There are 2 protein chains.
Amino acid sequence: MRAYAQQDHGHDHHHDGADGRHGCGRCAESATERAERLCQERGLQFTPLRRDVLAVVAAEGRPLGAYDIAERMSGQGRRVAAVSVYRALDFLTEQGLVHRISSRNAFVSCEHDHGDGASLVFLICRSCGGIDEMTAPAVESALDATLAQAGFTPTSRILEVEGECGSCRERRRREG
Amino acid sequence: MRAYAQQDHGHDHHHDGADGRHGCGRCAESATERAERLCQERGLQFTPLRRDVLAVVAAEGRPLGAYDIAERMSGQGRRVAAVSVYRALDFLTEQGLVHRISSRNAFVSCEHDHGDGASLVFLICRSCGGIDEMTAPAVESALDATLAQAGFTPTSRILEVEGECGSCRERRRREG
DNA sequence: TCGGGCCATGTTACAGTGTATCAGCCGCAC
DNA sequence: GTGCGGCTGATACACTGTAACATGGCCCGA
């Protein structure tokens, strides 16, 4: 996974070990840095809570539930309630820093600098649990044409595909 | 809504009153008849519970939650637990008689005789709560091409669009 | 400086969604 | 009859999400 991301995010690694995803400090770091800059530009507060939630999600590289996030952030005297996580996620989602995966009730960090209106396609691998997002202009225009013909005015689009990613397919083929 | 359904379901009516959807006996009837036939063909049991769940969903014409369905089926001495509804919905979903709307955690009856592999687009109106499903071959082929390029093997696709349907848009324009 | 408004967060409670598990029933094949 | 598998009932529980209220910090105008 991620090997086929249309827009790579700087360092070339794959999160597709047999164990699923691993925490990646570099992903988390670049994500928070980008978010910090973006919030500053927009005059919004990038609070520690929001930063930490984003860092956890970004480090994971696969969809995480709000309660999982809360759990990861808690410990060592700190207790983060799921409500707080939800609020932070609301904020991050509004700012396009995090995306919600409806089919999983989970969240992933957005690693693309796509425009506001862009509709994304999420590719979720059933085998490794990894996820990738990509823009697909051809799909988008075809969909827009279909909607226009139907007289429907869209405000948001959800496009999630489940299946098997290239890496897993390859591995399965090799291993039998 | 439904005015633009690509494949009509027999009688020409719209479920878009100002009050949202109404129960439609004819929708329910045709849906259960079709389901009965289909189950017979496939050698599956179309039990009373499954029939009733389908009838409730079909009569509604908009996404219904499992607990809503259970509530509607209960009363007058009969009590249907949500678990039973879920099981029936699992069955109906597997048979393609009902679709799950991920973004709403709700279910709608399928009124089309589309093939097994067809991927559907769901149009959900924020104003009237109505929903329509349509096949969109152009979208599908564009998506397939994109996935193939990414090396991703899809097993299921979710395509849900929120917005305003033609009827609501027209009404809003008229009423100011 | 004081007060008020706004925002972010904490806290509790609760509503809504979904699954695991066990038990009973029924039809059917052996 | 006996066993088996599929369907349903029932309870309990896990997971997901929101409402409501309280607190503390910050800025801003009086």
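On a predicted model such as this, the values are computed, not experimentally measured, just so you know. Letters A, B, ... mirror the listed sequences (proteins, then strands); counts begin at 1.
- The residue among B:Thr47 and B:Asn105 whose nearest nucleotide of DNA chain D lies closer to the 5′ end is B:Thr47.
- At D:dT18, none of the side-chain N or O atoms of A:Arg87 fall inside 4.0 Å of OP1 or OP2 (strictly under the cut-off).
- Straight-line distance from the OH atom of A:Tyr67 to the P atom of D:dA14: 13 Å, rounded to whole Å.
- When heavy atoms are screened at a 4.0 angstrom cut-off, B:Arg100 is found touching the sugar-phosphate backbone but no base atom.
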Where do B:Glu160 and B:Arg104 land on the salt bridge (charged side-chain N to carboxylate O under 4.0 Å, His left out) test, with the steps shown first?
-> CA-CA 10 Å; B:Glu160 297 168 13; B:Arg104 296 283 179 111; over 6 Å; no
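- Rounded to a whole Å, the CZ atom of B:Arg78 is 11 Å from the C1' atom of D:dT8.
- Residue A:Val85 comes nearest to A:Ala66 through the heavy atom pair CG1-O, 3.7 Å, listed as atom of the first residue, atom of the second, then distance.
- Residue contacts shown for B:Val80 are absent, as no nucleic acid heavy atom lies under 4.0 Å away.
- With rounding to whole Å, A:Leu44 atom CG is found 18 Å from D:dC26 atom P.
- Rounded to a whole Å, the CG atom of B:Leu49 is 14 Å from the C1' atom of D:dA10.
- Between the side chains of B:Thr155 and A:Arg126, at least one donor-acceptor pair of N or O atoms lies under 3.5 Å.
- The distance between atom CD of B:Glu94 and atom C1' of D:dG6, rounded to the nearest whole Å, is 13 Å.
- Partners of B:Ala82 under the side-chain contact (heavy atoms from CB on, under 4.5 Å) rule, at least two apart in sequence or in another chain, are B:Tyr67, B:Tyr86.
- Taking atom CD of B:Gln45 as the reference point, atom P of D:dG5 lies 15 Å away to the nearest angstrom.
- For the pair A:Pro48 and B:Ala66, nearest-nucleotide mapping onto DNA chain C gives the more 5' position to A:Pro48.
- Looking only at distances, a side-chain donor or acceptor of A:Arg50 sits under 3.5 Å from a matching main-chain atom of A:Gln45.
- Between the P atom of D:dA19 and the CG atom of A:Asp90 lies a distance of 11 Å, rounded to the nearest Å.
- Enclosure of atom CD in B:Glu162 by more than 12 non-hydrogen atoms of other residues, nucleotides or ligands within 6.0 angstrom is indicated.
- In summary, contact between chain A and DNA chain C, defined as any nucleotide atom under 4.0 Å from a heavy atom of the protein, begins and ends at C:dC7 to C:dT12 in the 5' to 3' direction.
- Taking atom OH of residue B:Tyr86 and atom P of nucleotide D:dA12, one finds them 19 Å apart after rounding to whole Å.
- For A:Arg100, the side-chain contact (heavy atoms from CB on, under 4.5 Å) partners are A:Ser102, A:Asn105, A:Phe107, not counting sequence neighbours.
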